[in-house]
Amino acid sequence: MENVHWIGQSKEAPPERSSMAAFGSVAVVPFQHKKLSSVNYSCRYFYANGWKKKKKLCFQRKRWIVSSTCPPEETSPISVSFTSAPVPHLSHFLTDLDTFPHPFLLQDATSYRPLNLNFISEQDGVINKVVWNKQEPQNLVIYPRAGPRERIVFDPKSVKAAIVTCGGLCPGLNTVIRELTECLRYQYGVVDIFGVLQGYRGFYSKEWIRLDPERVDAIHKLGGTILGSSRGGFDLNKIVDAIVQRGIHQVYVIGGDGTIRGAAQLSEECRRRKLRVTVASIPKTIDNDIPIIDKSFGFDTAVQEASKAIDAAHTEVSCFPNGIGIVKLMGRNSGFIALYASLSSREVDCCLIPEVPFVIHGRGGLMEYVAKCLSERGKMVLVVAEGAGQEYVGNDPSVEQLDASGNKKLGDIGHFLYEEIESTWKKQGMEVSMKYIDPTYMIRAVASNASDNIYCTLLAHSAVHGAFAGYTGFTVGPIHGRHAYIPMTEIVTAQKQVDLRDRMWSRLVNSTGQPDFSPRNIPKGFQGPCNIYSSPQQSQSQESIL
C-alpha cells in the first residue's frame, strides 16, 4: 500500500543533503544523474528489520512528492496457483501436422508486414483475474494470448475459408466480415474466401458467395450483414458434410451464445472425424452478456443509439404537463445497455433491469416513486430492459415457449408498464401524458460507430491469427484489455450479468435517485405482485398507496 509521507511545493529543488529532511522512515537524498545536468532525488527507506528500498522522487515542475511503499505486515509470499485454459488445437488429434513460416517472414511477401515482426509466443498468456484479495486462495486461469505466431499450420496458398453470420442483427457485423476478409487476403495471402448466406442453414441450402477486398471495401458503413442471417437451421451432419465437400479449412462463425454453442459442436464433430479444419467464433451479442471477455462488439454503438432514444423521451415529457416517458431497451437476462445508456444520458429517473426484482404497487413500489417524481419535477423518464419484470408479463410458467434460437419468449414489459401507469393515474383522477419508445430494431440495424469499428478489427484479426496457429473451438475477445483465445465451452456455460455489488450500479442509482424497489421478503416461487409483503400492515390497497 503506497502512503504519501510528504508533499511539498517550492520554486527551488528539495532540500540538499546538508539539510536532509527525514519524515518518519523516509529520507530525501540528492544524487547527480550521469546524463542530465539537473539534480534528481531518490528516497531511501529504513525499517527496524533492516528492509530498505530505493525509489525515485516524483518531481515535475514546481511540485514534488516524496512517497514510500510500506512493507507488508507479513513478509510471507502470496501463494498463487494457475491452470492453463484447455483451448483445443489441431495437434491434439492430428499427428501429421505440418508447419509453415508465417508470411511476414517471407522475403517476397506482398502482404502487410509489421516493422518489428513481434510474434506471440505460445508461452504468452492472459490471466483471467487482475484484482484479488491476497488473503484468499487464488485459482487463476491463463488463456493463450491472441496474435500472429511465427509458425503456422496451414499453407496460406491452399487455404479455403468460410464466414457465416447467425442470430439477430447487431452493429459491427459487416465490419467483422470486412476485416476477416482483408486479414486473410492481405496478411496471409488467402484467395479462396467464401461467405455463407442466411446463417447455419446456408451451409447446405444456399449458394455461397466469394468474398474479396473489393467486394467488402465499404460494407463497414452499412448496417446489418451482407451475408444475411437467420435463427435456427443448425444441422450438424449436413453442415460438416458441406464443409468437407467444398474443401474448407477454416470456418469463422459470428454470433451470440446460441450460435457459439452450435460452433462448439461443429468443432467437436470435425475433431471426431479428424478433419484438418479450425472453427473460430467472434462473439456477437448486443446485450453484452458474453462471460469472461470485457465486452462484445456492437455494445458501444447500442449504448450510443439508446442514449438518443432516452434524450428524445426526455424532450417529449419536458414539453407536456405530467409527462412520463418509457423507453424499452434490449437486455433479455442482462441489463448492461439500460444501465450504461441511462448513466450516459443523465436524464433518467428510474432504470429497471432483469437483475433487480421490483414491485409496482404498495409502499416503496414503483408507483409511489412515479408520484414523487411528478410532484417534485413534473415529469419522469423510465428506462426498462426487455427482460425485467417478466413475473408480471411472462407466459404460463408451466409451458416453456422458446424461439428459433432456443431463447425463452419474453412478454412486453414496456407496454405493460405503459398501461399500468396510465390506468393507475386515471383511477386517481389525474391526467398524465404517456410516451412510449421502443428503439430495438433501429439500434440493431445501424452501422457500428468508430469505437466498435476498431474493436471489430481487433477481434477479426485475432481470430484469423488463431486459426492459422492451429487453434479450434475457440472464441476471441479481450480479458482486461488483452486479447486471448477462450474455449467455446467456457463461453456458453453462463451469461454475464450486472453485478449489483459493483460501483457501476451504485453510480447509476446515485444518478437516477431511485429507491430499492425489491420486495421486502421475496417468497419462494415469487411470480408477481400478489402476497409479497410479510404482514398485512405492510400490504395496503392500490388506492391508498399507488
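For the numbers below, each heavy atom of this structure counts, side chains included, while hydrogens, waters and symmetry mates do not. Quick note: residue numbers are just sequence positions, from 1.
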Task: Centroid-centroid distance, Tyr392 to Phe358, less than 6.0 Å - done: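 Distance test on ring centres: under 6.0 Å, yes.
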Can I get a per-line list of side-chain donor-acceptor pairs under 3.5 Å for residues 459-466, giving both atom names and the distance, sequence neighbours left out?
| unit_1 | atom_1 | unit_2 | atom_2 | d |
| --- | --- | --- | --- | --- |
| His461 | NE2 | Glu179 | OE1 | 3.4 |
| Ser462 | OG | Leu458 | O | 2.9 |
| His465 | ND1 | Tyr188 | OH | 2.7 |

TODO: Give the intermediate values and the outcome of side chain to side chain contact (heavy atoms under 4.5 Å, CB included) for residues Ile360 and Phe416.
DONE: CA-CA 11 Å; Ile360 297 178; Phe416 170 81; 3.4 Å; yes
Open item on the list: Contact between Tyr143 and Pro487 at the side-chain level, heavy atoms closer than 4.5 Å - yes or no?
Closed with: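 Yes; the side chains approach each other to less than 4.5 Å.
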For a quick test of your reading: what N or O donor-acceptor pairs under 3.5 Å do the side chains of residues 333-342 make, sequence neighbours left out?
| unit_1 | atom_1 | unit_2 | atom_2 | d |
| --- | --- | --- | --- | --- |
| Asn333 | ND2 | Gln495 | OE1 | 2.9 |
| Ser334 | OG | Lys496 | O | 2.4 |
| Ser342 | OG | Ala338 | O | 2.6 |

How close do [X] and [Y] get, heavy atom to heavy atom, and via which atoms?
{"X": "Gly168", "Y": "Leu173", "value": "O-CD1, 4.4 Å"}
{"X": "Ile479", "Y": "Ala484", "value": "CD1-CB, 4.1 Å"}
{"X": "Ala302", "Y": "Met330", "value": "CB-CE, 4.4 Å"}
{"X": "Cys166", "Y": "Thr259", "value": "CB-OG1, 3.4 Å"}
{"X": "Ile163", "Y": "Leu227", "value": "O-CD1, 3.5 Å"}
{"X": "Ile286", "Y": "Gly298", "value": "CG1-O, 4.2 Å"}

Does any pair with a residue in [range] pass salt bridge (Lys or Arg N to Asp or Glu O under 4.0 Å), and if so which ones, sequence neighbours excluded?
{"range": "residues 351-360", "answer": "none"}
{"range": "residues 432-442", "answer": "Glu316-Lys435, Lys328-Asp438"}
{"range": "residues 298-312", "answer": "Lys295-Asp300, Glu305-Lys308"}

Task: For Glu490, all residues meeting salt bridge (charged side-chain N to carboxylate O under 4.0 Å, His left out), sequence neighbours excluded - done: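 For Glu490 there are no salt bridge (charged side-chain N to carboxylate O under 4.0 Å, His left out) partners, ignoring immediate neighbours.
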Examine distances only and state if a side-chain atom of [X] and a backbone atom of [Y] form a donor-acceptor pair shorter than 3.5 Å.
{"X": "Gln187", "Y": "Glu182", "answer": "no"}
{"X": "Asn288", "Y": "Phe299", "answer": "no"}
{"X": "Ser511", "Y": "Arg507", "answer": "no"}
{"X": "Tyr485", "Y": "Gly473", "answer": "no"}
{"X": "Asn128", "Y": "Leu140", "answer": "no"}
{"X": "Asn174", "Y": "Ile226", "answer": "yes"}

Do any side-chain atoms of residues 374-386 form donor-acceptor pairs under 3.5 angstrom with protein atoms, and if so which ones, sequence neighbours left out?
| unit_1 | atom_1 | unit_2 | atom_2 | d |
| --- | --- | --- | --- | --- |
| Glu376 | OE1 | Lys372 | NZ | 3.3 |
| Glu376 | OE2 | Lys372 | NZ | 3.4 |
| Arg377 | NE | Asp349 | OD1 | 3.3 |
| Arg377 | NH2 | Asp349 | OD1 | 3.0 |
| Lys379 | NZ | His314 | NE2 | 3.3 |
| Lys379 | NZ | Ser318 | OG | 3.3 |
| Glu386 | OE2 | Gly331 | N | 3.1 |

Open item on the list: Do Thr165 and Ser229 pair up side chain to side chain, a donor and an acceptor below 3.5 Å, judged on atom types alone?
Closed with: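 The criterion, which ignores hydrogens and geometry beyond distance, is not satisfied for Ser229 and Thr165.
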Going by side-chain contact (heavy atoms from CB on, under 4.5 Å), name the residues that satisfy it together with [X], two or more places apart in sequence or in a different chain.
{"X": "Ala263", "value": "Tyr200, Val253, Val279, Met488"}
{"X": "Glu419", "value": "His415"}
{"X": "Thr512", "value": "Val348, Leu508, Gln514"}

Task: Residue pairs passing the ring pair (Phe, Tyr, Trp, His ring centres under 6.0 Å) test where at least one lies in residues 368-388, sequence neighbours excluded - done: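 Sorted result for residues 368-388: Tyr369-Phe517.
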TODO: Report the C-alpha separation of Val141 and Ile292 in whole Å, then their side-chain angles, then the decisive distance to 0.1 Å, and conclude whether the side chain to side chain contact (heavy atoms under 4.5 Å, CB included) test is met.
DONE: CA-CA 11 Å; Val141 180; Ile292 302 177; over 6 Å; no
TODO: May I ask you to say whether Lys426 pairs ionically with Glu422, meaning some side-chain N is under 4.0 Å from a carboxylate O?
DONE: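 The answer is no: the pair does not qualify as a salt bridge.
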Task: Check ion pair Arg178-Asp217 (N to O, under 4.0 angstrom) - done: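 Answer for the salt bridge query: yes.
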Task: Arg210 CZ: over 12 foreign heavy atoms closer than 6.0 Å - done: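 Yes, the 6.0 Å shell around CZ holds more than 12 heavy atoms from other groups.
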Open item on the list: Let's go through Ser448 and His220 carefully: what are the C-alpha distance in whole Å and the side-chain angles of both, what is the deciding distance for side chain to side chain contact (heavy atoms under 4.5 Å, CB included) to 0.1 Å, and is it a yes or a no?
Closed with: CA-CA 8 Å; Ser448 53; His220 62 291; 5.8 Å; no
Open item on the list: Going by ring-ring contact (aromatic ring centres under 6.0 Å, His included), name the residues that satisfy it together with Phe297, two or more places apart in sequence or in a different chain.
Closed with: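 Phe297 satisfies ring-ring contact (aromatic ring centres under 6.0 Å, His included) with no residue once adjacent residues are dropped.
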TODO: Measure the CG-OG1 distance between Leu222 and Thr175 for me, rounded to the nearest 0.5 Å.
DONE: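 It is 9.0 Å, given to the nearest 0.5 Å.
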